[in-house]
Structures are given as structure tokens and as C-alpha cells.
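Since the structure is predicted, the reported quantities are computational estimates derived from the model, not experimental observations.
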Amino acid sequence: MGVTSQIRVRMAAPEDREAIQKLLVEAYEEYEHLLPEGRWAEYREELRESAMDDRPLARIIAECAGEIVGAVQLYVSAEAAYGMPELDIHTPIVRYLSVLPKARGKGVATGLIKESVRLSRELGASALHLHTTDIMASAIKLYERLGFERVPEKDIQSGPTLVKSYRLYLDHAGILQRCKNPVPAIVFRPPPCSAATCAGRGTRPK
């Protein structure tokens with residue numbers, strides 16, 4: 001992949017699911033040795049299943065030369081994302097942000113977050129949420145640079161692991177246009193249908 005290769009961000013189609021599944025495993029396997037013993041096998045299956053189920057409001061992918069090099073999944077609420085209505089998050093949540101190792105450093109992750117922000121605004125949402133852990137230090141740096149802030153009251157305790165909550169108020173998301181590492185090579189392709197229609201849903205975030 002050349003440095004000047006153009007990256008295209010678009011809504012995923014059903015036929016992209018197998019490629020997304022493969023991408024997720026390859027992107028996250030670097031954390032295998034950092035997870036508790038036996039956890040990677042469980043997490044790998046969770047990643048694979050996430051690419052195939054119908055819970056996301058939308059899947060967004062980044063392509064380079066016809067290859068899917070990045071992806072993220074957008075959920076309508078904490079109940080849809082985690083099966084945890086008690087978190088009381090009723091605005092979109094991004095999960096499983098993933099970029100192939102060979103495509104990192106080219107603004108792919110930023111482009112996927114930008115499109116998640118655009119889509120969330122289109123749906124009338126006031127904020128975008130995500131959860132992550134300390135082992136994903138480089139991702140946390142990106143989120144903070146883009147304006148995400150900690151929301152400790154929405155943290156999740158998963159066994160010994162604290163899964164930290166972050167929130168970006170979309171009214172303040174102009175920082176995405178001023179980030180230190182702009183991504184001029186990214187072209188955003190509008191989806192051929194609305195997010196709700198593509199996901200087979202008729203609901204919108206509150």
C-alpha cells in the first residue's frame with residue numbers, strides 16, 4: 001500500500017461482512033498477550049460474531065485499492081451495544097474500531113470516527129460514546145485528541161478489567177476539523193440509503 005493511496009470511507013454492505021470479520025481478528029490480535037489467560041480465544045469469537053450479527057445501526061468501512069483496511073460499528077444505545085440498558089446511554093456508541101497494521105498512521109481511524117460523527121449528527125444525536133481499556137493506549141490518545149472526554153460514571157467493570165467510558169459532544173466536534181494529523185487523502189462516499197434503512201431499523205437515537 002503506497003503512502004499516497006487514496007482511502008475511501010463508506011457504509012458497509014452485507015457482502016463485506018466476511019472481510020470485516022477477518023480485519024477485526026487481524027487488527028486486535030496484537031493484544032493477545034496483554035489479555036488475561038484464555039481471554040483472547042473468547043474475544044476472538046466475540047469479534048467474529050460482531051461482524052455477522054444485526055445489532056449495529058451501521059457498519060462503516062475504509063477501503064484502499066479495493067481492500068478493506070479499517071472498520072467501525074455504530075450502535076444506537078448501550079442496550080444495543082452491550083445489552084446493558086442500565087448504563088442509560090441513548091445516543092450512538094462506536095465499537096470495534098479496527099485498522100490493519102499496514103494501514104496505520106494514514107488517518108484511517110480518524111476518518112472512521114469522522115464518519116461516525118457525521119452519521120450521528122444526521123440522526124439527530126447530541127453525543128457519541130465509546131468504551132475502551134488501558135491496553136489500547138494508542139487508541140485512547142486518538143480519542144482524546146479528537147475531543148472525547150472521560151465519563152467515569154458510565155464505566156463498565158468486566159471481571160478484573162475496567163472498561164472506561166468516553167463521550168464526544170457533537171456540538172463541540174469541530175475539533176475533528178482541526179486535528180493535528182489531517183487526512184486529505186480520504187474521500188467520503190455517502191451511503192446509498194439512510195442508516196436506519198441500511199440496518200433494517202426504523203428507530204433513531206434519542
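To the nearest 0.5 Å, atoms CZ (F148) and OG1 (T132) are separated by 11.0 Å. Atoms CD1 and CG, from I93 and L128 in turn, are 9.0 Å apart once rounded to the nearest 0.5 Å. To the nearest 0.5 angstrom, T110 atom OG1 is 9.0 Å from L97 atom CG. Between atom CE of residue M136 and atom OH of residue Y31 there is a gap of 5.0 Å, rounded to the nearest 0.5 Å. Separating the CG atom in L146 from the CG atom in L168 is a distance of 8.0 Å, to the nearest 0.5 Å.
A salt bridge links R39 with E46: at least one charged nitrogen is closer than 4.0 Å to a carboxylate oxygen. In summary, R55 and E79 do not engage in a salt bridge, as defined by a charged side-chain N under 4.0 Å from a carboxylate O. Classification of D53 and R59 as a salt-bridged pair holds, one side-chain N sitting under 4.0 Å from a carboxylate O. Under a 4.0 Å N-O distance rule, the pair E144/K141 does not qualify as a salt bridge. Here K164 pairs with D134 in a salt bridge; the nearest charged N to carboxylate O distance falls below 4.0 Å. Taking 4.0 Å as the cut-off between side-chain N and carboxylate O, D171 and R121 do not count as a salt-bridged pair.
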(message) Pair V25, E45 - check side chain to side chain contact (heavy atoms under 4.5 Å, CB included), show working.
(response) CA-CA 9 Å; V25 173; E45 288 310 303; over 6 Å; no

(request) Applying salt bridge (charged side-chain N to carboxylate O under 4.0 Å, His left out), run through E86 and K154 and close with a yes or a no. (result) CA-CA 10 Å; E86 65 272 20; K154 304 295 183 181; over 6 Å; no

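Donor-acceptor pairing under 3.5 Å is recorded for the side chains of Y75 and Q73. Counting only N and O atoms by type, the side chains of H129 and T91 include a donor and acceptor under 3.5 Å apart.
Between L142 and A109, the closest heavy-atom pair is CD2-CB, 3.5 Å. Taking all atoms of both residues into account, the shortest heavy-atom contact from A103 to V108 is O-CG2, 3.7 Å. Annotation for R104 and A27: closest pair NH2-O, 3.1 Å, computed over non-hydrogen atoms.
Under the salt bridge (Lys or Arg N to Asp or Glu O under 4.0 Å) criterion, the residue pairs touching residues 17-29 are R17-D54, with sequence neighbours excluded.
For Y143, the side chain to side chain donor-acceptor pair (under 3.5 Å) test picks out no residue, with sequence neighbours left out.
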